[in-house]
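For this chain, numbers begin at 1 and follow the sequence in order.
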Amino acid sequence: MDNHSYNFPSDCTPLTNSKSARKPAASTVVNMGNAGKCPPKDYLVWSLCNTLYVNFCCLGFMALIYSIKARDQKTQGNLQMAQECSDKAKWYNILAAGWNMLIPLLAVVLLVLLLIHLSTSQGSFDFFGEDGFQHFMKLFSW
């Protein structure tokens with residue numbers, strides 16, 4: 001049934017007439033800006049972990065600050081500044097994680113060296129040899 005042969009009620013009108021229904025549909029282009037580019041990561045969870053664990057020289061706290069700045073800039077749409085803050089947060093996190101792993105590693109190495117030394121000295125705690133403490137104290141006497 002065609003729109004021209006059908007009698008519409010007075011309160012209804014067809015959405016299309018027969019002439020416009022036969023035209024090919026036109027395409028619409030919507031520019032989304034940076035649709036292909038992924039937004040930068042903010043490393044917030046990593047920064048929180050580094051802040052709460054050891055936090056040597058406040059490196060984890062600095063990473064947390066830059067992570068929050070990166071997230072704020074990303075929500076405001078400033079992706080260039082968000083990328084810069086994200087990069088800084090990433091490097092502060094790498095430094096903080098390195099220090100966080102180094103301190104316990106050094107403690108374990110010192111403990112192992114102490115145990116090795118004590119096991120080779122047959123239970124003796126004389127670290128300076130015979131009369132070693134007196135010779136050691138002579139170094140600091142006037």
Side-chain angles (χ1 to χ4, degrees), residues 1-4 6 8-142:
M1 178 178 271
D2 197 14
N3 284 345
H4 294 289
Y6 183 75
F8 292 102
S10 61
D11 60 339
C12 295
T13 56
L15 294 175
T16 60
N17 59 22
S18 62
K19 293 180 184 176
S20 66
R22 292 182 188 142
K23 290 182 184 177
S27 63
T28 304
V29 177
V30 178
N31 187 5
M32 297 296 287
N34 294 326
K37 187 177 179 183
C38 295
K41 294 181 180 180
D42 54 14
Y43 303 107
L44 188 63
V45 174
W46 191 13
S47 299
L48 281 171
C49 291
N50 281 329
T51 301
L52 297 176
Y53 179 72
V54 181
N55 198 16
F56 182 76
C57 290
C58 296
L59 292 173
F61 185 67
M62 292 297 295
L64 181 64
I65 290 172
Y66 280 109
S67 294
I68 293 170
K69 280 185 179 183
R71 182 169 279 197
D72 289 344
Q73 293 298 323
K74 187 167 58 171
T75 57
Q76 290 176 358
N78 188 357
L79 294 181
Q80 181 181 2
M81 189 65 177
Q83 184 64 47
E84 290 175 16
C85 291
S86 174
D87 290 341
K88 287 182 182 179
K90 176 182 164 186
W91 283 108
Y92 277 120
N93 277 320
I94 289 171
L95 289 172
W99 278 111
N100 290 346
M101 287 187 287
L102 184 68
I103 291 172
L105 183 66
L106 284 176
V108 168
V109 167
L110 287 175
L111 182 66
V112 168
L113 289 175
L114 179 67
L115 291 174
I116 290 172
H117 177 73
L118 289 177
S119 69
T120 59
S121 63
Q122 289 110 15
S124 172
F125 290 97
D126 189 14
F127 294 114
F128 301 109
E130 272 185 44
D131 298 323
F133 185 70
Q134 283 81 18
H135 293 296
F136 180 72
M137 292 307 290
K138 285 181 187 176
L139 293 173
F140 297 106
S141 64
W142 295 100

Sequence neighbours left out, cut at 3.5 Å: what donor-acceptor pairs do the side chains of residues 63-78 make with other protein atoms?
| unit_1 | atom_1 | unit_2 | atom_2 | d |
| --- | --- | --- | --- | --- |
| Ser67 | OG | Asp42 | O | 2.8 |
| Ser67 | OG | Tyr43 | O | 3.3 |
| Ser67 | OG | Ser47 | OG | 2.6 |
| Ser67 | OG | Ala63 | O | 2.8 |
| Arg71 | NE | Asp42 | OD2 | 2.6 |
| Arg71 | NH2 | Asp42 | OD2 | 2.9 |
| Gln73 | OE1 | Asn78 | ND2 | 3.2 |
| Lys74 | NZ | Pro40 | O | 3.3 |
| Thr75 | OG1 | Arg71 | O | 3.3 |
| Thr75 | OG1 | Asp72 | O | 2.8 |
| Asn78 | OD1 | Met81 | N | 3.4 |

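Side-chain N/O atoms of Asn50 and Asn100 include a donor and acceptor closer than 3.5 Å.
Rounding to the nearest 0.5 Å gives a distance of 11.0 Å between CG of Leu79 and OG of Ser86. Leu106 CG to Leu110 CG: the interatomic distance, rounded to the nearest 0.5 Å, is 6.5 Å.
In this structure, Trp46 and Ile94 approach most closely via the heavy-atom pair CH2-CG1, 3.7 Å. Of all the heavy atoms in Phe61 and Asn55, the pair that sits closest is N-OD1, 3.3 Å.
Among residues at least two apart or in separate chains, there is no salt bridge (Lys or Arg N to Asp or Glu O under 4.0 Å) pair with a member in residues 76-101.
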